Amino acid sequence: MTLPYVQTAVPGTIPAGTAIAAASSSEDMSFLFRNVLTYLKLTITPEAGKIRSISVVSADGTKISGDFSVDCTDPDMEVYPRPDSYSNIVLRASGQYIEPGDYYIAAFPSAFHEELFLAFEMEDSSYAMLSFIGNSEYQGGLVRDLGEVSYLDYVYDDAYSVSPSVFSCPYNED
């Protein structure tokens, strides 16, 4: 299965192609369906400014999107990233900018066990950075609500020791 590293921001919805579930059957032929991904919820307020994209980057390189498999014999249906998976996710606006509202970003459950950086790209190519520490108690199928995002402190990319190119997705926009 594949969790896209580029997801489209539509207020109040889970990004298309990310509502992935796995199923296993028991001896009595009953099926157990389980969501295998975790969702990061952000509420963007009008005060946040004109955001073009939001990038989520694993601080330690943990794979948080891309190709994966699920062990359906395991009662927890654990997610196993493939070697060619990515340590980032990009949420792109469906229009020119991400409008105020609630947004969900799908990720592998392991993303929330480590520190994540969020980079908000503004209309003038400046960036604001936020980080949060994951929690191993959060597992697949749950929503991790990070609360409101407003009054972000934007700076130009040369202020960062890490190039913002790590916050963009590895694909051709043409």
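All values derive from a computational prediction rather than experimental measurement.
- Here the CZ atom belonging to R52 is positioned 7.5 Å from the OH atom belonging to Y127, to the nearest 0.5 angstrom.
- Within the 4.5 Å cutoff, the side chain of S69 has heavy atoms near those of the R82 side chain.
- With rounding to the nearest 0.5 angstrom, the OG1 atom of T38 is 13.0 Å from the CD1 atom of I105.
- Between the CG atom of D102 and the CD atom of E148 there is a distance of 9.0 Å, given to the nearest 0.5 Å.
- Taken together through direct or relayed side-chain contacts under 4.5 Å among Ile, Leu, Val, Met, Phe, Trp and Tyr, I14 and V70 form part of one hydrophobic cluster.
- Scanning both residues, F68 and V36, for their nearest heavy atoms gives CE1-CG2, 4.0 Å.
- A93 and A9 get closest at one heavy-atom pair: CA-CB, 4.2 Å.
- Note: E99 CD to K50 NZ = 9.5 Å, rounded to the nearest 0.5 Å.
- Both M1 and V79 sit in one connected hydrophobic cluster of ILVMFWY residues. Membership requires side-chain heavy atoms under 4.5 Å apart, directly or through other members.
- One distance of note links CG of L116 with OG of S131; it measures 9.0 Å at 0.5 Å rounding.
- When the side chains of ILVMFWY residues are joined at heavy-atom separations under 4.5 Å, either directly or via intervening members, I54 and Y97 end up in two distinct hydrophobic clusters.
- In this structure, a donor-acceptor pair under 3.5 Å is present between the side chains of D60 and S58.
- The heavy-atom pair separating M129 from A119 by the smallest distance is SD-CB, 3.7 Å.
- Counting all heavy atoms, side chain and backbone alike, S110 lies closest to K63 at OG-O, 3.5 Å.
- Using a distance-only test at 3.5 Å, with no hydrogens or angles considered, no donor-acceptor pair links the side chain of Y104 to the main chain of V143.
- No side-chain donor-acceptor contact under 3.5 Å links S65 to the backbone of A107.
- Between Y39 and T18, the closest side-chain pair of non-hydrogen atoms falls below 4.5 Å.
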Practice problem: Would you please test L130 and F117 for side-chain contact (heavy atoms from CB on, under 4.5 Å) and show each step? | Solution: CA-CA 6 Å; L130 295 176; F117 293 105; over 6 Å; no
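- When all heavy atoms of Y86 and G66 are compared, the pair lying nearest together is CD1-CA, 4.0 Å.
- Of the possible polar contacts, none joining the S55 side chain to the V90 backbone as a donor-acceptor pair under 3.5 Å is found.
- For the side-chain contact (heavy atoms from CB on, under 4.5 Å) test with L118, the passing option among L91, L42, V149, I89 is L42; the others fail.
- T62 OG1 to F108 CZ: the interatomic distance, rounded to the nearest 0.5 Å, is 11.5 Å.
- Across all non-hydrogen atoms, the minimal contact from P4 to G17 is CD-O, 4.0 Å.
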